[in-house]
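One structure is given here, and the rest of the page talks about it.
Computed over heavy atoms, backbone and side chain alike; hydrogens, waters and symmetry mates excluded. Bear in mind the structure is a predicted one, so any value in this text is a computation, not a measurement. In this chain, residues are counted from 1 in sequence order.
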Amino acid sequence: MIMKIMRQKFHLWVFWLLTLVLAVGLVLPGIQMAGNRDAVAVVGGDPIKLARFDKLVSRALEQERAYAGGELSEQDSTRIRREILEQLIEEELALHGLKKLGLSLPEDELRQTLASDPSFRDDKGVFSAERYQRFLQAQAERGLSVDETEDMIRRGVAVAKARTLFANNARVSPAEIEQGLKKEQRLVQIKALVWDYKALGAAIKPSEEDLRSYYSRNRMRWAKAPQVKVRHILVKADSLIGTATARAKADQLYQRAKAGEDFAALAKENSQDEASAVRGGDLGTVSKGEMVPEFEASAFKLKAGQVGEPVLTKFGWHVIKVDSKTEGFEPTFENSKAKALEGFQDESAAKQARQSSLRAAKELAAGAKLEEVAKKEPKAALKTSGWIKQGDKAVFQGLSDTASLADAVVELDKGERLQSPYPLGKGIVLAELIAEKAGTPPKDPLALNESRAKVAARLRNQKATVLYQGWLLGLRSELKVDNRYEKFYGIK
C-alpha cells in the first residue's frame, strides 16, 4: 500500500543497492534441482527465488557484453553469477539481522526516505509522477513488474538502514585522523598502462559504409533547433479586464518599448507573469516547440533586438522582445562527416581500450608485471607520472580531468596497484604506485580542518564497512545458508 501511495504523492528513491544489483548479471540456464525448485538459495528458511534471480541477472548480460566488447568467457560468467548471488544472500542476511535487532522500516520512515531524494522532482523541487512512471516503465521493459521493482526498493532501503547503524557507531581516533591526513597529503608517483582514446582513434580508418551507418545512428545528436533568447510583458485578459482593454494596455507598453524605454524595467513594473517579471521579463533561451504556437510564431519572426506587436495567447496579451537568436542545424552526411568520423573513432577506440584493459587486468592479477603486459598489449602505452597530489587534474595529458584518478592512487600503498581498469573521459588507466614523499599540509586553518573532516568521514566509512561485513559474517554462521546454485555448478 505504501508504495502505491508513493506513486501518487512522492518520488522514487533510486538507492545504491538497487543500482548495484541491477548493474551486473548473466542469463540463468534452466535448472532442475531437487526439492524447492524455485529457490536458488535459502537463507534462514527464506528462499531467494530462482525467478527473481533470473530476471536480475539476465538484464545485465547486454551491459557486460557492451563493456567487454564481445562475448564473456566462462570464467567471467561464473564470477558474475557468484557475485550477484552473494549480493542477494547478503541482502537476506541483513534483513534477518534487522529482525533480530527488533528493527523494522515503519511506513512513515519509508515514505520520508523516498520523498527526500531529488531524483524524481521537477524543476520546482516537487515530486513528478510523470518521471516516476517513466522509471517504472523502463523497469518493466527490462522485465521487472511494478511490484518486483518496489519490493527491491523496500529491501534496499532496509539494507541501507542496516549499514547506517554501523556508520553511526564507527569511531575514529585523533591519531588515526592525523595518520590518514598525512597519507592523503603526500605526493606519489605511479607507473601505468594508459589507453588514450584519441591516440587509438587516429589509427582507425572506417569505410564509407561504416561511416554512413554511424552517421545514421547518431545524426540526431548533432541536430540543433533554432533558438531565441526572449523577454515578454504579459497583460492578462480575464473577466475583470476584457480582451480589448488588455490589448489597449499591451499596445501602450509596446509603443513605449519601441520608443526606446528599457524593456526590462517595463516588464518589472507591468508584466503579470510574476515569475519572469522579477527578471525583467526574461524567459531564457527557448527552442521551437517549447512555447505556445502564437507566442512562438511571433518570437521566431523577430530579429535580435526587435520588439514585436502584442500577440494574444490563452494566457493573455504578450509584448515580446528577442535579445538574441541562434540558427538551427539540420545534419546531413556531408555537413556532419567530420563529426561522424570523430565519433566513430572515439567509439571504436573506447571499445578496443576496454577489451585490451580487461585482458591486461587479468594478466596483472595472475602476477605479471606492467612491463610484461605492455609488450602483450600494444594498444596500451607504458607511462610514468610526475609527482601527484590529491585532486590533481592532469596526471596524464589528454585523458580529461584526472582528479578522481589522483584521489584513487593517493589511497594506495607503495607497490600496490589499482585492482581494475580505471575509466576516464578520454581513456583508461591501470596504475601502480611506485614512489611517495611527504606533502605539505594546508596553511589555512579552515582548509586544514576541512581536510581533517573529510579524512575522518572516509575512515569512518571504512570502519563501518568492516563492522557491517563482520555482522553479516556472524549472521551467516548463525543462520543456515543453503546455496544451491553454487552446489549445482560446483562454484567455490
Cut-off 3.5 Å, side chains only: do [X] and [Y] have a donor facing an acceptor?
X    : Y    : answer
S271 : H232 : no
T285 : Q227 : no
Q345 : S348 : no
S404 : Y422 : yes
T332 : N335 : yes

Does a salt bridge link [X] with [Y], judged by any charged N lying under 4.0 Å from a carboxylate O?
X    : Y    : answer
E178 : R452 : yes
E330 : R219 : yes
E150 : R154 : no
R458 : E184 : yes
K229 : D282 : yes
D346 : K198 : yes
K268 : E274 : no
E208 : R212 : yes

**OP:** Find out whether the Lys NZ or Arg CZ of K339 is both under 6.0 angstrom from the six-membered ring centre of F329 and within 45° of the ring's axis.
**Re:**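 Yes, a cation-pi geometry.
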For the residue pair K337 and Y215, would you count it as a cation-pi contact if the rule is NZ or CZ under 6.0 angstrom from the ring centre and within 45 degrees of the ring axis?
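No, K337 does not lie over the aromatic ring of Y215.
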Kindly indicate, with the supporting measurements, whether the criterion side-chain contact (heavy atoms from CB on, under 4.5 Å) is fulfilled by V409 and L418. CA-CA 7 Å; V409 297; L418 292 177; 4.2 Å; yes
Would you please test D196 and K426 for salt bridge (charged side-chain N to carboxylate O under 4.0 Å, His left out) and show each step?
-> CA-CA 6 Å; D196 185 327; K426 298 180 180 179; over 6 Å; no
Any chance you could measure K236, atom NZ, to F315, atom CZ, to the nearest 0.5 Å?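 The CZ atom of F315 is 10.0 Å from NZ of K236, to the nearest 0.5 Å.
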side-chain contact (heavy atoms from CB on, under 4.5 Å) between Q462 and L459: does it pass, once the steps are laid out? CA-CA 5 Å; Q462 290 175 353; L459 293 176; 3.5 Å; yes
| query | Partners of A394 by side-chain contact (heavy atoms from CB on, under 4.5 Å), sequence neighbours excluded? | reply |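 With neighbours one apart ignored, the set is D392, Q397.
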Exercise for review: Can you sort out the partners of E92 under side chain to side chain donor-acceptor pair (under 3.5 Å), two or more places apart, ordered by chain and number?
Suggested key: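 Listed in chain order: R155.
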Can you check whether S451 reaches Q390 side chain to side chain, under 4.5 Å on heavy atoms?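 A side-chain contact is absent here, since even the closest heavy-atom pair is not under 4.5 Å.
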- prompt: What orientation do W471 and Y468 show, parallel under 30°, tilted 30 to 60°, or perpendicular over 60°?
  reply: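 Ring orientation of W471 relative to Y468: tilted.
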Checklist line | Trace of the salt bridge (charged side-chain N to carboxylate O under 4.0 Å, His left out) decision for K301 with E309 | finding: CA-CA 11 Å; K301 284 180 182 178; E309 293 186 9; over 6 Å; no
